[in-house]
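The block underneath contains the structure these notes are about, expressed in structure tokens.
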Amino acid sequence: MLTTIIEATQNFCTHQIRSTSKVQDGISKKRTLIAYIDIDTKEKKKYRVYVACDENFIQKVSTLFLEEDESDEETLVDMALETANLIVGSAKVLAEESENPYTIKTPYFEKIGLFDFEYDQAKVVIVGDDELTIAIKESNG
């Protein structure tokens, strides 16, 4: 599942942001805007997918979609939610073809700060000087 979400993240970076990206293990140490989406698999497993983007990356998304060079915090939060929805939604489509299909729920905003949540798997996607953490935690409820 993480592989498919990372592929969708890199596709987002390539096709929307128009930048190359590289992937590393672990999580970002930067202050990030953290959103998550809960997903349910057909195998009846539940996961929480975190998408944590640093402020510069989210500002680039805001500039791209809203043409705002300096967005306020509320707009950046909205863009973090939209980014999570676009990435995990794209991964859902990829997963339908290659692995266990799943459904996604509504994205929620968690906080602005360091990523300090429990996770089972995580990768950092690096786009220039910007970073996104993609982390997955299996949940039982």
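None of these values were measured; they are calculated from a predicted model. For the single chain, residues carry numbers from 1 onward in sequence order.
Atom-to-atom distance recorded for R18:CZ and C13:SG is 12.5 Å, nearest 0.5 angstrom. The structure places OH of Y50 at 6.0 Å from CD of E110, a figure rounded to the nearest 0.5 Å. To the nearest 0.5 Å, atom NZ of residue K137 and atom CD of residue Q121 are 11.0 Å apart. I87 contributes atom CD1, which lies 6.0 Å from atom CG of L132 (distance to the nearest 0.5 angstrom). A distance of 12.5 Å separates OG1 in T9 from CD in Q16, rounded to the nearest 0.5 Å. For the atom pair OH (Y102) and NZ (K92), the distance works out to 8.5 Å, reported to the nearest 0.5 Å.
Under the 4.5 Å side-chain heavy-atom criterion for Ile, Leu, Val, Met, Phe, Trp and Tyr, I34 and L2 are members of distinct hydrophobic clusters. In terms of hydrophobic clustering, with Ile, Leu, Val, Met, Phe, Trp and Tyr side chains grouped at heavy-atom distances under 4.5 Å, L76 and L114 are assigned to different clusters. Both L86 and I39 belong to a single network of hydrophobic side chains, linked directly or stepwise wherever heavy atoms of I, L, V, M, F, W or Y lie under 4.5 Å apart. Note: the hydrophobic cluster containing I6 does not contain I27 (ILVMFWY, side chain heavy atoms under 4.5 Å, direct or indirect links). Residues L33 and L64 share a single hydrophobic cluster, defined by chaining ILVMFWY side chains whose heavy atoms lie under 4.5 Å apart.
Salt bridge status for R31 with E55: present, with a side-chain N to carboxylate O gap under 4.0 Å. Ion pairing between a basic and an acidic side chain is recognised when a charged N comes within 4.0 Å of a carboxylate O; D130 and K60 show such pairing. Between K123 and D25, at least one side-chain nitrogen of the basic residue sits less than 4.0 Å from a carboxylate oxygen of the acidic one, meeting the salt-bridge criterion. No salt bridge links D40 with K45; every basic N to acidic carboxylate O contact stays at or beyond 4.0 Å. The pair D116-K111 counts as a salt bridge, with a side-chain nitrogen and a carboxylate oxygen less than 4.0 angstrom apart.
Scanning both residues, S21 and V125, for their nearest heavy atoms gives CB-CG1, 3.7 Å. Across V61 and M79, no two heavy atoms sit closer than the pair CG1-SD, 4.0 Å. Between S28 and T133, the closest heavy-atom pair is N-OG1, 2.9 Å. The shortest heavy-atom contact between A80 and A35 is O-CB, 4.0 Å. Taking each heavy atom of T4 and A91 in turn, the nearest pair found is CG2-O, 3.3 Å.
Within the 4.5 Å cutoff, the side chain of I136 has no heavy atoms near those of the R48 side chain. With a 4.5 Å cut-off on side-chain heavy atoms, K22 and Q24 count as touching. C53 has its side chain out of reach of T32: every pair of non-hydrogen atoms, C-beta onward, lies at least 4.5 Å apart. Side chains of E73 and I112 form a contact here, defined as non-hydrogen atoms less than 4.5 Å apart. Side-chain contact between Q10 and V23 is present, with at least one heavy-atom pair separated by less than 4.5 Å. By the 4.5 Å heavy-atom criterion applied to side chains, V51 and N85 are not counted as neighbours. With contacts defined as side-chain heavy-atom distances shorter than 4.5 Å, the pair F12/I17 qualifies. Counting heavy atoms from C-beta outward, T63 and E68 have side chains that stay 4.5 Å or more apart.
Applying the under-4.5 Å side-chain rule to Ile, Leu, Val, Met, Phe, Trp and Tyr, the cluster around I126 extends to V124.
At most 12 non-hydrogen atoms from other residues, nucleotides or ligands lie less than 6.0 angstrom from CG of D129. With a 6.0 Å radius and a threshold of 12 heavy atoms from other residues, nucleotides or ligands, F65 has its CZ atom above the threshold.
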Worksheet entry | Test log, rule side-chain contact (heavy atoms from CB on, under 4.5 Å), inputs F57 and S19 | CA-CA 11 Å; F57 183 85; S19 294; over 6 Å; no
Worksheet item: side-chain contact (heavy atoms from CB on, under 4.5 Å) between T41 and Y47: does it pass, once the steps are laid out?
Response: CA-CA 8 Å; T41 69; Y47 297 89; 3.7 Å; yes
Worksheet entry | Stepwise side chain to side chain donor-acceptor pair (under 3.5 Å) test for D78 and T75 | CA-CA 5 Å; D78 288 344; T75 301; 5.4 Å; no
Worksheet item: Can you list the steps and then say if K42 with T103 is a side-chain contact (heavy atoms from CB on, under 4.5 Å)?
Response: CA-CA 8 Å; K42 290 199 173 185; T103 58; over 6 Å; no
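Panel note: side chain D38, backbone K105; no donor-acceptor pair is recorded below 3.5 Å.
Classification of the F115-F117 ring pair by plane angle, with boundaries at 30° and 60°, yields perpendicular.
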